[in-house]
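The structure under discussion appears below in the form of structure tokens.
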Number of protein chains: 2
Amino acid sequence: MLSTHTTRETDRPMTRTERVHVALRMAILEQRLAPGARLPEDMIGEAFGSSRTIAREALGRLATEGLVELKPNRGAFVANPTLEEGRGIFVIRAALERAMVRQLAGRIDVETARTLHQMVEDETRLAEKSDVEAIRLAGEFHLYLARLCGNPLLERYLTEIVSRCSLVMAIYGRPHSADCGAREHREIVEAIVAGDFVGAGNLMERHVEEVATRAQLGTRAEVDVRSILAEVAAQVP
Amino acid sequence: MLSTHTTRETDRPMTRTERVHVALRMAILEQRLAPGARLPEDMIGEAFGSSRTIAREALGRLATEGLVELKPNRGAFVANPTLEEGRGIFVIRAALERAMVRQLAGRIDVETARTLHQMVEDETRLAEKSDVEAIRLAGEFHLYLARLCGNPLLERYLTEIVSRCSLVMAIYGRPHSADCGAREHREIVEAIVAGDFVGAGNLMERHVEEVATRAQLGTRAEVDVRSILAEVAAQVP
DNA sequence: TCTGTCAATATCGTATGCAATATAAGACAA
DNA sequence: TTGTCTTATATTGCATACGATATTGACAGA
């Protein structure tokens, strides 16, 4: 059994808004809904057998998560963050995750430590088998750490940020670049367990930055409509 | 003129939801609405001459900001964060503001530097005159730095966090404790302008932590009903 | 052929009505 | 007096209707 960590005990049967919300989030993160796609309230309501009220609220939440853009009197669109926004998101992520592991360092009981090691183990094993699974597990790892902090706001922010990062990587990342590097995760876990909060913080900060650069976020230039038009024009005989 | 920095050019005449939203936020932060107070949609809609739809949406936004708590099928209440949540919020704030000034260090043009010095000047001058004004200016200072980063998400998070901090301090802080310390601000500005990103980061991190401790967030114990009852019982003859 | 104006359409912003749910109050028995 | 059951009330959850707004396409004029 690989992902006991992901089970979220839904005591409440999940409100309709929530259902639509998570379904749309999934679809966007899996790129089944392409960035820039229109998301009319009517269409969503119809698709889920609900009214626009539900669709509207779900879209509102997705907008605060940064996954959709809400243009007043125009409608909702799947977000299409610029490369610069993407970099900004990773900056915040690095800062939050640094603080997170610093706080965690030396405050992990043996049971939790075992779980963390197990997660890294699973990641390593899956790294060569299934890309998509490995990426999912890597995300789980970061979110699990956030949960351990016992800081609800930190957890919320990190959940949101991880979503945004996934979207940015889906847009700008090259294939396979999203791997989180199980080895880096292992080093971080070891630093945390050892109580080395400075080392853990630095490792995590560097880790996040490297994920960003591996995704080519540092090198690829902003898509410039003008230059593309020039290219296209040049190809016309 | 003290606060040109606060002018937000509202190109759009501000939607009704927004109006209710900011009005309620003000009221909560000024403690005109006490923590724990009920906020029925009907009542709010009536008060603002709008329908429940508007009130509902405003409450939803305030909930994501952490200023109101939304209990399903029960209603909305002014948030009443625990002391522990309050500490967690300051942890995040320290992390974000550290990253913020590190990014800013050495990237400030002379015009902006002048503005920053002016803000610190104003704070110093008002520090002895008007408490409430000084506190407001201090908040402006932090938010202005966030705006300078050009990172929309960072700006949003920090706005949200500053609100939450205000609420926490209103609940748990002792009077006058919220002063941000204009001298600390001056040191930070100087480090930023000098391009000393390590120093600026450390100063800011410490500064936020000290604001938290000055507010007694580090010392005061959680209110424990049991112990209070014991005290009361002991006083009974 | 190009550009400006206008109508048609699609979609959102808002109000309101009805059903569902949770709390609170009251009655009653132990 | 206390515990439990029932009923009443307050309030939200959700759907729908109507007016407001932006975009699209057609058409007239240059």
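Small disclaimer: the values here were computed from a predicted structure and weren't measured. Per chain, numbering begins at 1; letters A, B, ... match sequence-line order.
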Under-4.0 Å salt bridge between Glu65(A) and Arg25(A): yes

Side-chain N,O (Arg52(A)) to OP1/OP2 (dA15(D)) below 4.0 Å: no

Contact under 4.0 Å: Thr15(B) side-chain N or O vs dT14(C) OP1/OP2: yes

Arg38(A) CZ to dA10(C) P, straight-line distance once rounded to whole Å: 12 Å

Minimum-distance nucleotide (side-chain atoms of Glu41(A) versus dG13(C), dA15(D), dT11(C)): dG13(C)

Gap between atoms CG and P, on Leu70(A) and dA22(D) respectively (whole Å): 15 Å

Rounded interatomic separation in angstrom, taking CG from Asp42(B) and P from dG17(C): 12 Å

Lys/Arg N to Asp/Glu carboxylate O, Arg156(A) vs Glu160(A), below 4.0 Å: yes

Whole-Å gap separating C1' (dT16(C)) and CD (Glu46(B)): 15 Å

For Leu158(A) against Ala146(A), the heavy-atom pair lying closest together: CD2-CB, 3.7 Å

Arg16(B), nearest nucleotide to its side chain (from dA15(C), dT16(D), dT21(C)): dA15(C)

Nearest to side-chain heavy atoms of Ser50(A), which nucleotide of dA15(D), dG13(D), dA22(D): dA15(D)

Side chain Thr112(B), main chain Ile108(B), donor-acceptor under 3.5 Å: no

Phosphate OP1/OP2 of dA15(D) contacted by Ser51(A) side-chain N/O (<4.0 Å): yes

Separation of dA22(C) P from Asn73(B) CG (nearest whole Å): 5 Å

Nucleotide nearest Arg74(A) when distance is taken to its side chain, options dC14(D), dT14(C), dT23(D): dT23(D)

Short side-chain N/O contact from Arg56(A) to OP1 or OP2 of dT11(C), under 4.0 Å: no

From dT21(D), dA15(C), dC14(D), nucleotide with atom closest to Ile54(A) side chain: dC14(D)

Gap between atoms CD and C1', on Glu18(B) and dG13(C) respectively (whole Å): 14 Å

Minimum side-chain heavy-atom gap Val91(B)-Arg87(B) below 4.5 Å: no

Separation of dC12(C) P from Glu57(B) CD (nearest whole Å): 13 Å

